Amino acid sequence: MGQGQADIAMQLLHECARNGEWLCLKNLHLVTAWLPVLEKELNSLVTHENFRLWLTAESHPKFPTILLQSSLKVTYEAPPGIKKNLQRSYESWSTDFVSKNNNVIRSQALFALAWFHAICQERRNFIPQGWTKFYEFSMADLRAGADIIDRICSKSSKEVSWDFVHGLFENAIYGGRVDNTFDLRVLQSYLTQFFNKDVLSGGKGRKKLATNIALPSSCYDKDYTDLVTNFPETDKPSFFGLPANIERSAQRFISGQVISQLKVLRRLDVEAGKFDKDKWSNELTPILNLWKKLNQGSQLIHAKVQVPTDKSGNEPPINSFILQEYYNAVHLVQFIHSTLASLSKVLRGSILLTSEVSSLAKNLLNQEVPLAWQKKWNGPEDPIHYLRTVVARTIALQGWVQKVQSNSLLSDTVDLSELFHPDTFLNALRQQTARESKTSMDALKFVCKWAGGITGVKQSVKIGGLQLEGCTFDGSQLTSNQPNSPSVSSVPGCTVAWVPKDMGDPYNPSECISLPVYFSAEREKIVTKLTLPCSGNQEIWIQTGAALFLKSV
């Protein structure tokens, strides 16, 4: 199905229904706007007893529910695992294609491609540590990659330019789907590891493709398929370069998904403007009670906070940021309170239902954070978690304001997880450093040190509230996780500063690795990146999916 096919499909539908034939309409996810027409036609269609209609489609949120419910559904998913993935790849290639020109390097490169393709696809089972999101690596990528290898290995020159392959795979084929810088770094690491002259030498390579996987020194298809047959059915974390305890992280993520799906299943189908007092009261009263409990003992709801102003223009940027952050936080709390108060009055029958309250209730009944709240601050997706986080961070900011007033903020360790906008705090530190050193912000770079302070800087701050996934860090060196290691571990405080670009780094570039700092364990938004000292090969830590993130409230 596609553009201009609707009339032809409708004609075939009537013919097949009349003659008792079978009809298959493919790719209906491309024509979701036409599906109500098909649905209406099916309801009035007089059919032969032998008539059958097959519909194929990818998962799509706008696919009509009634059409789904009236159909027998079959879901097709490819068998999981690297072994099955490799077998599918070799089933798509003919024996002649694998052994073409009796070129051993070409045949080895095709196996390396199939292995790379399998690793990229199966690593998606470990989101968000494997990849931060689900990337649509497909057989089209495999076909394009095989075509490139066929072309580049068929040239008369004996020397294969693997850098050329790296570039095409990274920028045009597989990497074209990746939109996270650190995911792209993982992809680059795999390309460097699998496609090089030490692995693909035409004989027994000086390096193995992966742990205990040596490539055959032949161009025969059977040698490679026999190698695949001997692979284990279950994937080892070492195949991906992931830590030994990756299953713990995967289980934690999957359990979170199951909980989210259960919440979706129990959502109430509430139409906008339709008011059922008993149903609303039963579902929404716990949220109202939670909000009341969270604000007990605090004066946030009634606090009067003036708009921060800097009449003199000499207020340090960090102080201005903290005061503005607290002002916005208090107003967010009061805005949420006003919306929930209106909802409470509607439930009690004190005021009439408005469109705003109706929209708020519908979101909360669907276990969603109201859009009006998200516009003020884009936080957690779960409304209960959102409310807890807002109150906890606003209360914590009261302590920050007190330290600003006593000029003691930067003398203590600051917990970035207590801020609504920790990335803006780091930018304020940059502004303050530039002002004190009388230089431009563009002339500064961000550095960090885990043991001791940073010498020769105008302004530095020690940050805490960080957690690490993918490996363990004791403040001096990264170490690999063991099967029984916790999936997430705390890390020591870190001193950060903005320094002139021509100033030396605290660590030798070859003995450290830059890791992202995400707002949360879901790895959706980056705060900054920090450098951690590591021993030896940086590729090891890149492939583990190691990342820092702010601790959750």
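Nothing here was measured: the structure is a model prediction, and the numbers come from that model.
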Determine, stepwise, if the pair Tyr327 / His331 fulfils ring-ring contact (aromatic ring centres under 6.0 Å, His included). CA-CA 6 Å; Tyr327 172 81; His331 275 258; 4.3 Å; yes

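- Atom OG1 of Thr394 sits about 10.0 Å away from atom CD of Gln334, to the nearest 0.5 Å.
- Residues Asp183 and Thr132 have side chains that bring a donor and an acceptor to within less than 3.5 angstrom of each other.
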Go through the steps to decide whether Phe425 and Leu416 satisfy the test side-chain contact (heavy atoms from CB on, under 4.5 Å), and finish with yes or no. CA-CA 9 Å; Phe425 170 78; Leu416 292 183; 3.7 Å; yes

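- Glu325 and His421 share a donor-acceptor pair across their side chains, judged by distance under 3.5 Å alone.
- For the residue pair Asn85/Glu122, the side-chain donor-acceptor check at 3.5 Å is satisfied.
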Chi angles and distances behind the side-chain contact (heavy atoms from CB on, under 4.5 Å) call for Leu387, Ile287: CA-CA 9 Å; Leu387 294 176; Ile287 294 179; 3.9 Å; yes

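- Between Phe240 and Phe126, the angle of the ring planes goes over 60°, which puts this pair in the perpendicular group of the 30/60° scheme.
- Here the CG-OG distance, from Leu468 to Ser490, works out to 9.5 Å after rounding to the nearest 0.5 Å.
- Put simply, the side chain of Thr32 never gets that close to the backbone of His29: no donor and acceptor are under 3.5 Å apart.
- Contact annotation: the side chain of Phe239 never approaches that of Pro237 to less than 4.5 Å [non-hydrogen atoms, C-beta and beyond].
- At distances below 3.5 Å, not a single donor-acceptor pair connects side-chain atoms of Asn245 with backbone N or O atoms of Arg248.
- Under the 30°/60° scheme for interplanar angles, the aromatic rings of Phe194 and Tyr190 are found to lie parallel.
- Inter-residue side-chain proximity for Phe116 and Ile119 is flagged as unmet; no heavy-atom pair is nearer than 4.5 Å.
- Considering only heavy atoms from C-beta on, Glu170 comes within 4.5 Å of Leu184 through its side chain.
- Residue Val186 comes nearest to Ile542 through the heavy atom pair CG2-O, 3.5 Å, listed as atom of the first residue, atom of the second, then distance.
- Leu515 approaches Ala546 most closely through the heavy-atom pair CD2-O, 3.6 Å.
- Ala112 approaches Leu209 most closely through the heavy-atom pair CB-CD1, 4.1 Å.
- Side chain of Thr389 to backbone of His385: a donor-acceptor contact under 3.5 angstrom is found.
- Closest heavy-atom contact between Asp235 and Gly81: OD2-CA, 3.3 Å.
- The closest donor-acceptor contact from the side chain of Ser342 to the backbone of Ser338 lies under 3.5 Å.
- A donor-acceptor pair under 3.5 Å links the side-chain atoms of Arg124 to the main chain of Gln121, judged by distance alone.
- The backbone N or O of Val357 sits less than 3.5 Å from a side-chain atom of Thr354, completing a donor-acceptor pair.
- The shortest side-chain heavy-atom distance between Val499 and Leu444 does not fall under the 4.5 Å cut-off.
- Every residue was checked against the salt bridge (charged side-chain N to carboxylate O under 4.0 Å, His left out) condition with Asp163, not counting sequence neighbours, and none meets it.
- Using a 3.5 Å distance cut-off with no hydrogens or angles, the side chains of Glu522 and Ser520 do pair a donor with an acceptor.
- In this structure, CG in Asn295 is found 9.0 Å from NE2 in His302, a value given to the nearest 0.5 Å.
- With rounding to the nearest 0.5 Å, the separation of CG in Leu360 from CG in Leu340 is 6.0 Å.
- Counting only distance, with no hydrogens or angles, the side chain of Asn378 and the backbone of Gln374 share no donor-acceptor pair below 3.5 Å.
- A donor and an acceptor atom, one from each side chain of Asp474 and Thr479, are nowhere located under 3.5 Å apart.
- Side chain of Ser344 to backbone of Ala341: no donor-acceptor contact under 3.5 angstrom is found.
- The aromatic rings of Phe169 and Phe195 lie perpendicular to each other, with more than 60° between the two planes, well past the 30° mark.
- At least one side-chain heavy atom of Asp412 sits less than 4.5 Å from a side-chain heavy atom of Lys403.
- With 3.5 Å as the limit, one finds no donor-acceptor pair spanning the side chains of Ser460 and Trp498.
- Counting only N and O atoms by type, the side chains of Glu315 and Ser320 include no donor and acceptor under 3.5 Å apart.
- Proximity of Leu466 to Leu530: side-chain heavy atoms (C-beta onward) are separated by under 4.5 Å at one or more points.
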side-chain hydrogen bond (donor to acceptor under 3.5 Å, both in side chains) between Asp423 and Thr528, worked out: CA-CA 7 Å; Asp423 50 339; Thr528 186; over 6 Å; no

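- No salt bridge links Glu524 with Lys133; every basic N to acidic carboxylate O contact stays at or beyond 4.0 Å.
- Taking the ring axis of Trp131 as reference, the NZ or CZ atom of Arg123 stays within 45° of it and closer than 6.0 Å to the ring centre.
- Contact between Leu419 and Pro422 at its shortest, heavy atoms only, is O-CD, 3.8 Å.
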Assess the residue pair Lys551 and Asp415 against the criterion (salt bridge (Lys or Arg N to Asp or Glu O under 4.0 Å)); give the C-alpha distance rounded to whole Å, side-chain angles, the decisive distance to 0.1 Å, and a yes or no. CA-CA 9 Å; Lys551 69 180 183 182; Asp415 188 342; 3.2 Å; yes

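- No donor-acceptor pair under 3.5 Å is formed between the side chain of Ser189 and the backbone N or O of Arg185.
- Trp377 and Tyr386 have tilted rings, their planes meeting at an angle from 30° to 60° on a 0 to 90° scale.
- Closest approach of Gly465 and Ser417 over heavy atoms only: O-CB, 4.3 Å.
- Applying the side-chain hydrogen bond (donor to acceptor under 3.5 Å, both in side chains) test to every pair with at least one member in residues 426-449, sequence neighbours left out, gives these pairs: Glu436-Gln459, Lys445-Asp505.
- Contact annotation: the side chain of Val330 never approaches that of Leu397 to less than 4.5 Å [non-hydrogen atoms, C-beta and beyond].
- With hydrogens and angles left out, the side-chain atoms of Glu511 and Gln538 include no donor and acceptor closer than 3.5 Å.
- Within the model, atoms OH of Tyr135 and CZ of Arg177 stand 12.0 Å from one another, a figure rounded to the nearest 0.5 Å.
- At a threshold of 4.5 Å between non-hydrogen side-chain atoms, the residues Ile395 and Leu300 count as touching.
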Worked verdict on Phe321 versus Leu429 for side-chain contact (heavy atoms from CB on, under 4.5 Å): CA-CA 10 Å; Phe321 163 74; Leu429 176 64; over 6 Å; no

Could you go step by step and tell me if Leu478 and Ile513 meet the side-chain contact (heavy atoms from CB on, under 4.5 Å) rule? CA-CA 10 Å; Leu478 291 174; Ile513 184 171; 3.8 Å; yes

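- Of the possible donor and acceptor atoms, one in the side chain of His166 sits under 3.5 Å from a partner among the backbone N and O of Leu191.
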Before you tell me yes or no, could you show the steps for Glu368 and Lys362 under salt bridge (Lys or Arg N to Asp or Glu O under 4.0 Å), namely the whole-Å CA-CA distance, both residues' side-chain angles and the distance that decides it to 0.1 Å? CA-CA 8 Å; Glu368 298 172 347; Lys362 184 178 180 181; over 6 Å; no

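- Atom OG1 of Thr544 and atom CG of Asn481 lie 8.0 Å apart (nearest 0.5 Å).
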